[in-house]
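For reference, positions follow the sequence shown, starting with 1. Just so it is clear, the values below take in all heavy atoms, side chains as well, and ignore hydrogens, waters and symmetry mates.
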Amino acid sequence: TDSIVSGNTASNFHGGIRALASTNPAVTHITNSTISNNSASGEGGGLVNFSVGIGLSTMTINGSTVSGNASNGESGGLENFSNGAGLAVINFTNSTLSGNTAANRAGSSNTGANSVINFNFATVANNTATAGAGGIFQGSTGTTNLKNSIVADNAATTGANISGTVTSLGYNHVESVSGGTFIAVGGDDTGADPQLSALANNGGETLTHLPASSSPVIDSIPNGSSDCGDVVNTSQNSVQRPDEAGCEKGSVEVGEAPLFQDGFDGI
């Protein structure tokens, strides 16, 4: 909580934080924190959550930013997988996944039959893969759920924003679905620029991408619908949800917010 994990390196796997369940469960909570500029030569630059046995591994990320992490192989920012009977679950809420790089799967990677990533009021932007899967990668098994979120401005030779089948739970903005499968449901928009600013101090304790006032994500989730204003009533940048008629998609609400706490430098 209120922490920075930055600048760590691994000669092979898992540069920043790794959570592993085998026989016993593993529980990880990351709140109002920054995971940035960590690197791994082989796999898993920033955050890794996995189960290799019967144990449940759960990672809950709230109000946090995972940015600038790198892998020479797979999974620059966020990696979740299971290769046994145990579940591997990441809940990524009111958080930002930005500017991570990898040869493949730069933003998030989810693989294994018992693996689940739940994005809710998340922003996945500016992640770059030199090969496939820039923003969100979903393997042939497992589930990535996307709700109230923005996926945009990611880059890769194939699957720039999404790769594999990503499950919509409504009210998402995906700039391009080329290279992946995304079946739009209620409140989803695809094919338009969400007009995000660069990663910056927009209030709160972590860096975020602020949508422009003309962005199509503004007030696009009706108050009282899809967790807007009831289940999730503040944003990553510490603005009340909704600030006006409805909630913004993504991790940021446009409105008045306090700046960083004294002594926090927002690496």
| Is the backbone N or O of N114 less than 3.5 Å from a side-chain atom of S82, with the two atoms forming a donor-acceptor pair by type? | yes

| Residue pair N100, V66: steps toward the side-chain contact (heavy atoms from CB on, under 4.5 Å) verdict | CA-CA 8 Å; N100 302 286; V66 181; 4.3 Å; yes

| Donor-acceptor under 3.5 Å (N172 side chain, V174 main chain) | no

| task | Mark yes or no for whether N237, through its side chain, and V252, through its backbone, hold a donor-acceptor pair below 3.5 Å. | result | no

| Out of curiosity, I221 CD1 to K147 NZ, how far, rounded to the nearest 0.5 Å? | 9.5 Å

| Audit row: F50, R18, side-chain contact (heavy atoms from CB on, under 4.5 Å) steps and yes/no | CA-CA 8 Å; F50 63 110; R18 179 179 80 170; 3.4 Å; yes

| Backbone N or O of S36 within a donor-acceptor pair of the S6 side chain at under 3.5 Å? | yes

| query | What's the spacing between F81 CZ and N110 CG if we round to 0.5 Å? | reply | 11.0 Å

| remark: Note: G134 and A106 closest approach over all heavy atoms is O-CB, 3.4 Å

| message | If you compare all heavy atoms of E79 against all heavy atoms of I90, which two are closest, and at what distance to 0.1 Å? | response | O-CD1, 4.0 Å

| message | Give me the atom names and distance for the closest heavy-atom approach of I150 to K249. | response | CD1-O, 3.3 Å

| query | Hey, what do you get for NE2 (H209) to CD (Q236), rounding to the nearest 0.5 Å? | reply | 9.5 Å

| Donor-acceptor pair, side chain of T157 and main chain of A131, under 3.5 angstrom | yes

| said: Under 4.0 Å between a side-chain nitrogen and a carboxylate oxygen: does that hold for D227 and R241? | reply: no

| remark: Closest heavy-atom pair, N223 versus G229, reported as atoms and distance to 0.1 Å, is OD1-CA, 4.0 Å

| field | Polar side-chain atom of E253 near backbone of D243 as donor-acceptor pair, under 3.5 Å | value | yes

| task | List the steps and the verdict of side-chain contact (heavy atoms from CB on, under 4.5 Å) for I35 and T65. | result | CA-CA 6 Å; I35 314 299; T65 293; over 6 Å; no

| message | With rounding to the nearest 0.5 angstrom, report the OG1 to CG distance, T101 to N126. | response | 12.0 Å

| Check: E74 main-chain N/O paired with S71 side-chain donor or acceptor under 3.5 Å | yes

| field | Main-chain N/O of T1 paired to S3 side chain as donor or acceptor, under 3.5 Å | value | yes

| note | Heavy-atom nearest pair, S251 first then S95, reads CB-O, 3.5 Å

| request: Run the numbers on T28 and T60 for side-chain contact (heavy atoms from CB on, under 4.5 Å), then give the verdict. | output: CA-CA 6 Å; T28 309; T60 299; over 6 Å; no

| query | If you measure from OG1 on T23 to CD1 on I54, what distance do you get to the nearest 0.5 Å? | reply | 6.0 Å

| message | If I compare all heavy atoms of N32 with all of S64, which pair ends up nearest, and what's the gap? | response | N-OG, 3.2 Å

| task | Spell out, as yes or no, whether a donor-acceptor pair under 3.5 Å connects the side chain of N38 to the backbone of G7. | result | yes

| query | Can you check whether T96's main-chain N or O pairs, donor with acceptor, with S98's side chain at less than 3.5 Å? | reply | no

| query | Among pairs that include at least one residue of residues 41-55, which meet side chain to side chain donor-acceptor pair (under 3.5 Å), considering only residues two or more places apart or in two chains? | reply | N49-S57, N49-N80

| Residue among V151, V124, L169 satisfying side chain to side chain contact (heavy atoms under 4.5 Å, CB included) with L146 | V151

| Distance, nearest 0.5 Å, that separates CG of N118 from CD1 of I61 | 11.0 Å

| query | Any chain of hydrophobic side-chain contacts (each under 4.5 Å) joining V185 to F182? | reply | no

